[in-house]
Number of protein chains: 2
Amino acid sequence: MKRNTWQREAVRGALDANDGFVSAQALHSALHATGSPIGLATVYRALADLATTGDADSLQSPEGESLYRACSTNEHHHHLICRNCGLTIEIEPHAVEQWANDVAVANGFTQAEHIVDVFGLCAACSALTAASTL
Amino acid sequence: MKRNTWQREAVRGALDANDGFVSAQALHSALHATGSPIGLATVYRALADLATTGDADSLQSPEGESLYRACSTNEHHHHLICRNCGLTIEIEPHAVEQWANDVAVANGFTQAEHIVDVFGLCAACSALTAASTL
DNA sequence: AGCCTTGCTGATAATGATTGTCAAAACCAT
DNA sequence: ATGGTTTTGACAATCATTATCAGCAAGGCT
């Protein structure tokens with residue numbers, strides 16, 4: 001049976017409190033910063049569970065770290081992520097879903113899944129960068 | 001200055017000899033298997049170089065490993081990868097490129113890049129799986 | 001051809017994220 | 001409260017990758 005522990009709640013809460021994607025390590029640090037004595041391994045386990053049950057989305061940063069995020073919907077979707085400030089926007093999937101499927105089918109592939117994420121600079125960070133580049 | 005060493009050629013050759021995406025470790029093993037005494041660090045360096053110069057494409061496997069592949073074109077494109085046998089097909093990018101850009105612009109993002117890869121089972125592996133599931 | 005500068009190599013150590021281990025503690029139904 | 005089982009957490013282990021650094025070699029130069 002699945003038990004309810006304050007640790008699990010703490011991880012879920014910390015995820016919710018965060019707008020963008022966070023690494024397990026960062027989450028662990030954040031929790032410790034608030035005085036929680038939660039263990040690192042436990043954070044990893046909780047995140048893995050959340051990702052499995054669909055309560056959290058996970059993706060890999062370009063540097064290879066696994067990042068997690070509490071998303072507003074359990075449905076399949078994708079993300080537009082600011083590589084500077086971490087701001088994350090959930091993307092309407094229809095167009096790509098269709099495309100990914102078409103491509104797969106056209107080549108005889110089945111059980112297609114896809115990794116689709118867009119990284120960029122959000123409006124605010126774009127402005128900052130432009131200013132500092134002058 | 002950039003020098004020409006047999007090690008670099010060996011790595012490039014080993015990449016060319018391979019159809020799908022390969023990890024640095026696998027490539028190193030493959031080279032050793034053929035009797036080459038090339039060092040692991042050198043394989044990593046050579047792959048990083050090839051990826052930088054655009055002579056090789058790199059992506060991260062769902063498990064977090066960095067995989068490399070010698071691609072037929074230097075232009076930006078994506079991949080359809082069989083998660084069972086590793087067969088890789090290069091994908092016509094137009095549709096997604098357009099979409100990714102539109103999404104980014106629509107949300108005020110600039111300097112958009114995207115990670116787009118489709119994993120599935122190729123026709124052959126689909127048949128195998130279907131057979132073993134019966 | 002021989003020298004010389006400087007980039008390249010490779011054995012190994014270091015790093016850093018993640019996972020495995022296992023005894024002790026916590027959870028929940030009874 | 002008790003028992004049975006899950007979960008936790010400190011720590012070791014693992015695994016891919018990167019840094020280190022002394023020795024080697026590529027290519028230009030004479």
Side-chain angles (χ1 to χ4, degrees), chain A residues 1-15 18 20-53 55-69 81 83 86 115 117, chain B residues 1-15 18 20-53 55-69 81 83 86 115 117:
Chain A
M1 182 216 318
K2 210 74 171 180
R3 291 183 186 172
N4 266 355
T5 62
W6 63 267
Q7 286 96 335
R8 222 176 279 272
E9 296 305 319
V11 170
R12 188 191 298 260
L15 256 198
N18 217 304
F21 279 88
V22 211
S23 70
Q25 308 268 351
L27 213 53
H28 178 238
S29 297
L31 283 165
H32 262 202
T34 69
S36 171
I38 192 172
L40 178 56
T42 304
V43 174
Y44 273 100
R45 278 184 291 242
L47 286 174
D49 282 355
L50 290 173
T52 301
T53 60
D55 289 325
D57 277 10
S58 70
L59 63 80
Q60 306 218 346
S61 76
E63 293 80 35
E65 242 181 327
S66 284
L67 305 181
Y68 299 86
R69 179 170 191 266
I81 305 154
R83 76 168 74 90
I115 295 177
D117 288 295
Chain B
M1 180 215 324
K2 211 76 172 179
R3 292 182 185 173
N4 266 354
T5 61
W6 63 265
Q7 286 96 334
R8 220 177 279 273
E9 295 307 318
V11 170
R12 186 190 298 260
L15 257 198
N18 217 304
F21 278 86
V22 211
S23 70
Q25 307 267 351
L27 213 52
H28 178 236
S29 296
L31 282 165
H32 263 201
T34 68
S36 170
I38 192 170
L40 177 57
T42 304
V43 174
Y44 273 100
R45 278 186 290 243
L47 285 175
D49 282 355
L50 289 173
T52 300
T53 60
D55 288 326
D57 277 9
S58 70
L59 64 80
Q60 305 215 349
S61 77
E63 292 81 34
E65 243 182 326
S66 283
L67 304 181
Y68 299 86
R69 178 169 192 264
I81 304 154
R83 78 169 71 91
I115 295 177
D117 289 294

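Note that the structure is predicted; figures quoted are calculated from it, not measured. Proteins come first, then strands; the chains are lettered A, B, ... in the order of their sequence lines, and each starts at number 1.
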K.L.:
Please step through side chain to side chain contact (heavy atoms under 4.5 Å, CB included) for the pair B/Q60 and A/I115, ending with a clear verdict.
P.N.:
CA-CA 10 Å; B/Q60 305 215 349; A/I115 295 177; over 6 Å; no
K.L.:
Looking only at the side chains, is there a donor atom on one of A/E63 and A/S61 sitting less than 3.5 Å from an acceptor on the other?
P.N.:
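Distance-only check passes for A/E63 and A/S61.
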K.L.:
Between the base of C/dG20 and the side chain of A/R45, is there a donor and acceptor pair under 3.5 angstrom?
P.N.:
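No.
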K.L.:
What nucleotide, of D/dG9, C/dG10, D/dG4, holds the atom closest to the side chain of A/R3?
P.N.:
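Side chain of A/R3 sits closest to D/dG4.
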K.L.:
Over how many whole Å does the gap from B/N4 atom CG to D/dA25 atom C1' extend?
P.N.:
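To the nearest whole Å, that distance equals 13 Å.
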K.L.:
Once you round it to whole Å, what is the distance between P of D/dT8 and NE2 of A/H32?
P.N.:
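Rounded to the whole Å, the gap is 14 Å.
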K.L.:
Could you tell me whether the phosphate oxygens of D/dG9, OP1 or OP2, come under 4.0 Å of any side-chain nitrogen or oxygen in A/T42?
P.N.:
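Yes, such a contact exists.
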K.L.:
Closest heavy-atom contact between B/V43 and B/V11?
P.N.:
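Smallest interatomic distance, heavy atoms only, reads CA-CG2, 4.3 Å.
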K.L.:
Nearest-Å distance, CG (A/L40) to C1' (C/dT19)?
P.N.:
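A/L40 atom CG is separated from C/dT19 atom C1' by 10 Å.
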K.L.:
Could you tell me how far apart B/E65 (CD) and C/dA17 (P) are, to the nearest whole angstrom?
P.N.:
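It is 18 Å, rounded to the nearest whole Å.
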K.L.:
Is the backbone N or O of B/H32 less than 3.5 Å from a side-chain atom of B/S36, with the two atoms forming a donor-acceptor pair by type?
P.N.:
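Flag not set: sc B/S36 to bb B/H32 has no pair under 3.5 Å.
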K.L.:
What nucleic acid atoms does B/S23 come within less than 4.0 Å of, heavy atoms only: base, sugar-phosphate, or nothing?
P.N.:
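It contacts nothing in the nucleic acid.
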K.L.:
Heavy atoms under 4.0 Å, any strand shown: does A/Q25 hit a base, just sugar-phosphate, or nothing?
P.N.:
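Touches a base.
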K.L.:
So, does A/Y44 get its side chain near the phosphate of C/dT19, meaning an N or O under 4.0 Å from OP1 or OP2?
P.N.:
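False: A/Y44 side-chain N/O out of range (4.0 Å or more) of C/dT19 OP1/OP2.
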K.L.:
Does A/D49 or B/M1 map to a spot on DNA chain D nearer the 5' end, using the closest nucleotide for each?
P.N.:
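First, find each residue's nearest nucleotide; the 5'-ward one identifies A/D49.
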K.L.:
Rounded to the nearest Å, what distance is computed from the CD atom of residue A/E63 to the P atom of nucleotide D/dT18?
P.N.:
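To the nearest whole Å, that distance equals 11 Å.
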K.L.:
Does the side chain of B/T5 get closer than 4.0 angstrom to OP1 or OP2 of D/dA25 through an N or O atom?
P.N.:
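So the side-chain polar atoms of B/T5 never come under 4.0 Å of the phosphate oxygens OP1 or OP2 of D/dA25.
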K.L.:
Could you give the NE2-to-P distance, from B/H28 to C/dT12, as a whole number of Å?
P.N.:
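Those two atoms, NE2 and P, are 12 Å apart.
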K.L.:
Using atom types as modelled and distance alone, determine if a side-chain donor or acceptor of B/H28 lies under 3.5 Å from a backbone N or O of B/I38.
P.N.:
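Yes; judged by distance alone, with no hydrogens or angles, the pair exists.
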K.L.:
Could you tell me whether the phosphate oxygens of D/dA25, OP1 or OP2, come under 4.0 Å of any side-chain nitrogen or oxygen in B/Q7?
P.N.:
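No, B/Q7 has no side-chain N/O under 4.0 Å of OP1/OP2 on D/dA25.
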K.L.:
Can you measure A/I38 atom CD1 to D/dT7 atom P for me and round it to whole angstrom units?
P.N.:
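Atom CD1 in A/I38 sits about 14 Å away from atom P in D/dT7.
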K.L.:
Please report the distance, rounded to the nearest Å, between CG in B/L31 and C1' in C/dG10.
P.N.:
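Atom-to-atom, B/L31 to C/dG10, this comes out as 14 Å.
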K.L.:
Heavy-atom nearest nucleotide on DNA chain D for B/K2 versus A/R8: which residue maps closer to 5'?
P.N.:
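The residue whose closest nucleotide sits nearer the 5' end is A/R8.
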